[in-house]
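Remember, it's 1-based here, ligands and their atoms both numbered in the order they're listed. What you see is a predicted model; the values in this text were computed from it and never measured.
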Amino acid sequence: MKTNQFNNKICLVTGASSGIGKALSLKLNSMGAMVILTARNAENLELVKADCTHPDKIRILPFDMEDINTIESFARNAWNLFQNIDFVFLNAGMAIRDMVHLTNLKMVYKVMNINFFSPVALSRALLPYMREKKQGCFVVTSSLCGKFGVPKLSAYSASKHALHGFFESFRAEYESDGIRVTMITAGLVKTEITVHALKGNGTINGKMQESVAGGISPEACAREIVRAVDAGKYDALVGGIEKYSVLVKRFFPGLLRMVIARHPMKKLRDAGLLRIPPYSDTDSANLHRANIQAVADFVPAGR
Ligand SMILES: NC(=O)c1ccc[n+]([C@@H]2O[C@H](COP(=O)([O-])OP(=O)(O)OC[C@H]3O[C@@H](n4cnc5c(N)ncnc54)[C@H](OP(=O)(O)O)[C@@H]3O)[C@@H](O)[C@H]2O)c1
């Protein structure tokens, strides 16, 4: 039987209480990993532990990633649980959904703290331990919004763009010390991220965006992330058809600008240009083929 590189390895997963982080934790633990679960909601972390294949290999360490000043002691406590951490999944994140002029500056700081400064602080805090062991891997959950900005997600896009810059430099500096970085650029994943999102004035968004509801399952996303890390990838695009927008940006930047400005997902789908049925793994291959054809038909000849 093929062994996997996560068996008996120590994984720290931030944002493990729901969505992608929860699915990742369950997947890693099912592969034999010891998983340190962290997020703010301790009760939800206990529920994740109860769902795990090997709950005896789970440790729970609640922490608020906005508390940047105490991240060093959090990192030390996490390391001391097993005197080691092999993989750090920097996954915790939140979004502010609003127009720039309606977004309070405090909300911009908040999203930058949770999505950008906390992964920076956590990776810096763990770096000395990993350099001493000459091994370690950071897996960073970014987004298509880390590749281009979209309306109503300016601060979120900024935080995800910043992750690419920071962790590409980080990788270049410490790869020779045995420290790896895998950047995950995720497309739409059906989680509660838009329900948990805040509006520009700090009130809860409270509803699931249709586009996110049509995304791949968190379990499918977790599988793809684990596969990318297992394969030692530097970068991985994860998601449905929308992930190819990164290629559209590279080769047809004007087209992407037009689509972003004038064709939000709903309009595209209503026009029959993006088929997003309720997602299941079994029909994913057919769905991808249909969507690739739809986008190919949409790109005007000669552009
Ligand atoms: N869903 C998508 O379509 C999508 C696409 C691209 C990228 N992503 C990225 O994927 C990651 C996971 O998001 P998700 O979709 O799984 O959303 P989610 O279900 O809302 O999960 C977000 C996780 O982050 C944790 N979190 C939020 N604020 C925190 C804080 N201050 N301190 C500690 N933990 C905090 C939450 O736990 P607590 O509330 O318990 O603290 C939760 O476990 C995020 O980085 C997101 O940007 C998502």
Under 3.5 Å: N/O of Val212 near N/O of ligand 1: no
Atoms in ligand 1 with a heavy atom of Gly93 nearer than 4.0 Å: 22 (C), 24 (O), 27 (C), 44 (C), 45 (O)
Ligand 1 atoms in contact with Gly187 (distance to a heavy atom under 4.0 Å): 3 (O), 4 (C), 5 (C), 6 (C)
Ligand 1 versus Phe63: contacting region, heavy-atom distance under 4.0 Å: backbone
Whether Asn91 side chain and Gly15 backbone form a donor-acceptor pair below 3.5 Å: yes
Close approach, Asp64 and ligand 1, non-hydrogen under 4.0 angstrom: yes
Test item, Cys145 contacting ligand 1 (heavy atom, 4.0 angstrom): no
Heavy-atom nearest neighbour in the protein, as seen from atom 7 (C) of ligand 1, with distance rounded to 0.1 Å: Ser142 O, 3.3 Å
Heavy-atom gap Met94 to ligand 1 smaller than 4.0 Å: no
Side chain to side chain, Val140 and Pro119, heavy atoms closer than 4.5 Å: no
Contact check, Cys221 vs ligand 1, heavy-atom distance below 4.0 Å: no
4.5 Å side-chain heavy-atom contact, Thr38 and Met65: yes
Residue, atom name and distance, where the atom is the protein heavy atom closest to atom 29 (C) of ligand 1: Arg40 NE, 3.5 Å
Atom 36 (C) of ligand 1 - nearest protein heavy atom and its distance: Ser17 OG, 3.8 Å
Nearest heavy atoms of Leu153 and Cys145, plus distance in Å: CD1-SG, 4.0 Å
Distance-only polar pair, side chains of Tyr234 and Glu175, donor-acceptor under 3.5 Å: yes
Salt-bridge criterion met for Lys152 and Asp98 (N-O under 4.0 Å): no
Part of Ala16 with heavy atoms under 4.0 Å of ligand 1, whether side chain, backbone, both or neither: backbone
Close approach of Gly215 to ligand 1, heavy atoms, under 4.0 angstrom: no
Non-hydrogen atom of Lys160 closer than 4.0 Å to ligand 1: yes
Phe74 and Phe63 aromatic ring geometry - parallel, tilted or perpendicular at 30°/60° bounds: parallel
Shortest non-hydrogen contact from Val100 toward Ser154: CG2-OG, 3.6 Å
Part of Leu188 with heavy atoms under 4.0 Å of ligand 1, whether side chain, backbone, both or neither: backbone
Contacting atoms of ligand 1, where contact means under 4.0 angstrom from a heavy atom of Ala39: 34 (N), 37 (O), 38 (P), 40 (O), 41 (O)
Which residue and heavy atom of the protein sit nearest atom 16 (O) of ligand 1, plus the separation: Ile20 N, 2.8 Å
Backbone or side-chain N or O of Met65 under 3.5 Å from ligand 1 N or O: yes
Pair Glu66, Asn113: side-chain N/O donor-acceptor within cut-off below 3.5 Å: no
Nearest-contact summary for atom 14 (P) of ligand 1 - protein heavy atom, Å: Thr191 OG1, 3.5 Å
Nearest neighbour in protein (non-hydrogen) for atom 23 (C) of ligand 1: Gly15 CA, 3.7 Å
Electrostatic pair Lys27-Glu219, nearest N-O below 4.0 angstrom: no
